[in-house]
Novice: 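Below is one structure. I have some questions about it.
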Amino acid sequence: MIRLLIVDDQSIVREGLSSLLQTQPDLDVVGEAENGRLAVEQAIALQPDVILMDIRMPVMDGVAAIKILQQQAPAIKILVLTTFDDDRYVSQAIAHGAQGYLLKDTPLAELAQAIRSVNKGYSQMSPGLLAKAISQDADTVSKILPAELEGLTAREKEVLQLIATGYSNKEIASELYITERTVKNHVNSILRSLNLRDRTQAAIFAYQHL
C-alpha cells in the first residue's frame, strides 16, 4: 500500500483527488495539507511514501516545502501537480529534488501510475513540461559535448531516446524486449557517462542533441 499526502490550497482539489485516488486498491490517502508549512509538519508526522504537492500556495509555497523536505525527510518522494504557467516554479522544484512533475488535468489512470512509478524511484514528467524543465537545467546540460554521446552504446542511445519521450523503465523494457533490470543498468550507465544528475537531465540532453 502506497501512503499519500495531498497538498493543495484548494479544499475542493484535495477532496477530489482523495476521493479519486482512494478508488485505487494500492493507494491510501493518509493526510491532507493546505500549504507548504503544514505539508512539512504532516510529512514529518505521518511519513507518507509519496506527497502530491501543489506549487502556488499561501504561507509557504510548494518549492520551499520541497526544499525543506529534501533536507528533513529525503526518503519521501514528491510528485508535483502544476499547470502550464508554472514553469518558473517547476524549474525550481526540479532543482530542489522533486521526482515527478505532472499537470493537474492528468487522467486518473496516468496519475495513479505516476504515483506508483515515483514510489519506486522513477522520475515522471508530463510531456508539456519538458521545455519548462530546460530553463533550469539547460546550462548544465549544454556543457556536455555532443561528442560525449559517442561514448554510449547503440542500445544506450535507444534507451536515452525513450527516456526523452517520457517512457518509464517498464515501458522501455517492453519496447526493447529486455528486462527492467537491464534498462535500469543502461540508465545508470547513461547518467554516469554523460555526468547527468537524473532522468530529467537525460531527457533534456536527448531533446537537445538527438
Novice: With clusters defined by side-chain heavy atoms of hydrophobic residues (ILVMFWY) lying less than 4.5 Å apart, directly or transitively, does Met1 cluster with Leu20?
Specialist: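 The answer is no; the residues belong to distinct hydrophobic clusters.
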
Novice: Which pair of heavy atoms, one from Ala202 and one from Leu160, lies closest together, and at what distance?
Specialist: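 Closest approach of Ala202 to Leu160: O-CD1, 3.4 Å.
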
Novice: What I want to check is whether the side chains of Ser11 and Glu34 have a donor and an acceptor closer together than 3.5 Å.
Specialist: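 Distance-only check fails for Ser11 and Glu34.
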
Novice: Would you find a donor on one side and an acceptor on the other, under 3.5 Å apart, between the side chain of Ser117 and the backbone of Gln113?
Specialist: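 A pair under 3.5 Å: yes.
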
Novice: Assess the residue pair Glu32 and Gln42 against the criterion (side-chain contact (heavy atoms from CB on, under 4.5 Å)); give the C-alpha distance rounded to whole Å, side-chain angles, the decisive distance to 0.1 Å, and a yes or no.
Specialist: CA-CA 8 Å; Glu32 300 177 10; Gln42 289 272 46; 5.8 Å; no

Novice: Decide yes or no for Leu176 and Arg155: does some side-chain heavy atom of the first lie under 4.5 Å from some side-chain heavy atom of the second?
Specialist: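 Yes; the side chains approach each other to less than 4.5 Å.
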
Novice: Please examine the side chains of Leu21 and Leu111, heavy atoms only from C-beta on, and report whether any two atoms are closer than 4.5 Å.
Specialist: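 SC-SC contact between Leu111 and Leu21 confirmed.
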
Novice: Could you give me the CA-CA distance, side-chain angles and deciding distance for Asp8 and Leu17, then say whether side-chain contact (heavy atoms from CB on, under 4.5 Å) is met?
Specialist: CA-CA 10 Å; Asp8 196 289; Leu17 283 172; 5.6 Å; no

Novice: Give a yes or no on whether Leu108 and Val50 share a hydrophobic cluster (residues Ile, Leu, Val, Met, Phe, Trp, Tyr; joining criterion: side-chain heavy atoms under 4.5 Å apart).
Specialist: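 Same hydrophobic cluster.
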
Novice: Going by heavy atoms in the side chains, are Leu162 and Val183 under 4.5 Å from each other?
Specialist: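 SC-SC contact between Leu162 and Val183 ruled out.
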
Novice: Could you state the interatomic distance from CD1 (Ile6) to OG (Ser18), rounded to the nearest 0.5 Å?
Specialist: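 With rounding to 0.5 Å, CD1 (Ile6) is 4.5 Å from OG (Ser18).
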
Novice: Show your working on salt bridge (Lys or Arg N to Asp or Glu O under 4.0 Å) between Arg56 and Asp61 and close with a plain yes or no.
Specialist: CA-CA 5 Å; Arg56 293 178 177 172; Asp61 67 22; over 6 Å; no

Novice: Which value, rounded to the nearest 0.5 Å, describes the distance between Leu79 atom CG and Gln99 atom CD?
Specialist: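 So the gap between those two atoms works out to 9.0 Å.
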
Novice: Taking side chain as C-beta onward, heavy atoms only, is Ile190 less than 4.5 Å from Val159?
Specialist: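 Heavy-atom side-chain distance check passes, below 4.5 Å.
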
Novice: Can a salt bridge be assigned to the pair Lys170 and Glu180 using a cut-off of 4.0 Å between side-chain N and carboxylate O?
Specialist: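 No.
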
Novice: Compute whether any side-chain donor of one residue and acceptor of the other, for Gln47 and Arg3, lie under 3.5 angstrom apart.
Specialist: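 Per modelled atom types, Gln47 and Arg3 side chains form no pair under 3.5 Å.
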
Novice: Kindly indicate whether the side chain of Leu27, heavy atoms from C-beta on, has any atom under 4.5 Å from the side chain of Gln22.
Specialist: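 Contact flag for Leu27/Gln22 side chains = no.
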
Novice: Enter the distance from Gln161:CD to Glu175:CD here, rounded to the nearest 0.5 Å.
Specialist: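 Between Gln161 CD and Glu175 CD, I get 11.0 Å after rounding to 0.5 Å.
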
Novice: Which heavy-atom pair separates Arg37 from Asn35 by the least distance, and what is that distance?
Specialist: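 For Arg37 versus Asn35, the nearest heavy atoms are N-OD1, 3.1 Å.
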
Novice: Before accepting this row, confirm whether a basic side-chain N of the pair Lys104/Asp54 lies closer than 4.0 Å to the acidic partner's carboxylate O.
Specialist: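 Looking at Asp54 together with Lys104, the answer is yes, because their closest N to O distance falls below 4.0 Å.
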
Novice: So does Asn185 get a backbone contact from the side chain of Ser189, meaning a donor-acceptor N/O pair under 3.5 Å?
Specialist: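 Judged by distance alone, no pair lies under 3.5 Å.
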
Novice: To the nearest 0.5 Å, what is the distance between OH (Tyr101) and CD1 (Ile55)?
Specialist: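 Tyr101 OH to Ile55 CD1: 10.0 Å, rounded to 0.5 Å.
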
Novice: In the structure I gave you, are the side-chain heavy atoms of Ile51 and Leu69 within less than 4.5 Å of one another anywhere?
Specialist: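 Yes - at least one pair of side-chain heavy atoms lies under 4.5 Å apart.
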
Novice: Evaluate the side-chain contact (heavy atoms from CB on, under 4.5 Å) criterion for residues Met57 and Val7: first the C-alpha distance (whole Å), next the side-chain angles of each, then the deciding distance (0.1 Å), finally the verdict.
Specialist: CA-CA 9 Å; Met57 296 180 290; Val7 184; 3.6 Å; yes

Novice: What I'd like to find out is whether the side chain of Thr182 reaches to under 4.5 Å of the side chain of His186, using heavy atoms alone.
Specialist: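 Sidechains of His186 and Thr182: in contact.
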
Novice: Starting at CD1 of Ile66, measure out to CD of Gln71 and round the result to the nearest 0.5 Å.
Specialist: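 Output value for this atom pair is 12.5 Å.
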
Novice: Charged N to carboxylate O under 4.0 angstrom, Asp49 versus Lys77?
Specialist: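 No.
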
Novice: On a heavy-atom basis, which atom in Pro48 and which in Leu5 lie closest, and how many Å separate them?
Specialist: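 Closest approach of Pro48 to Leu5: CG-CB, 3.8 Å.
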
Novice: For residues Ile78 and Leu52, determine if any side-chain heavy atom of one lies less than 4.5 Å from a side-chain heavy atom of the other.
Specialist: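 No, too far: nothing below the 4.5 Å cut-off.
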
Novice: How close do Ala65 and Met53 get, counting heavy atoms only, and between which atoms?
Specialist: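 Looking at all heavy atoms of both residues, the shortest contact is CB-CE, 3.8 Å.
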
Novice: Applying a strict under-4.5 Å side-chain criterion to I, L, V, M, F, W and Y, I'd like to know whether Ile76 and Leu38 cluster together.
Specialist: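 No, no single cluster joins them.
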
Novice: Just do the side-chain contact (heavy atoms from CB on, under 4.5 Å) check on Lys67 and Val63 with the steps written out, would you?
Specialist: CA-CA 6 Å; Lys67 184 176 182 179; Val63 172; 5.8 Å; no

Novice: Measuring from atom CD1 of Ile44 to atom CD1 of Ile68, what distance do you get when rounded to the nearest 0.5 angstrom?
Specialist: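 Here the interatomic distance stands at 9.5 Å.
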
Novice: Quick one: closest heavy-atom pair of Ala98 and Val80, and the distance?
Specialist: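 Heavy-atom minimum between the residues: CB-CG2, 3.8 Å.
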
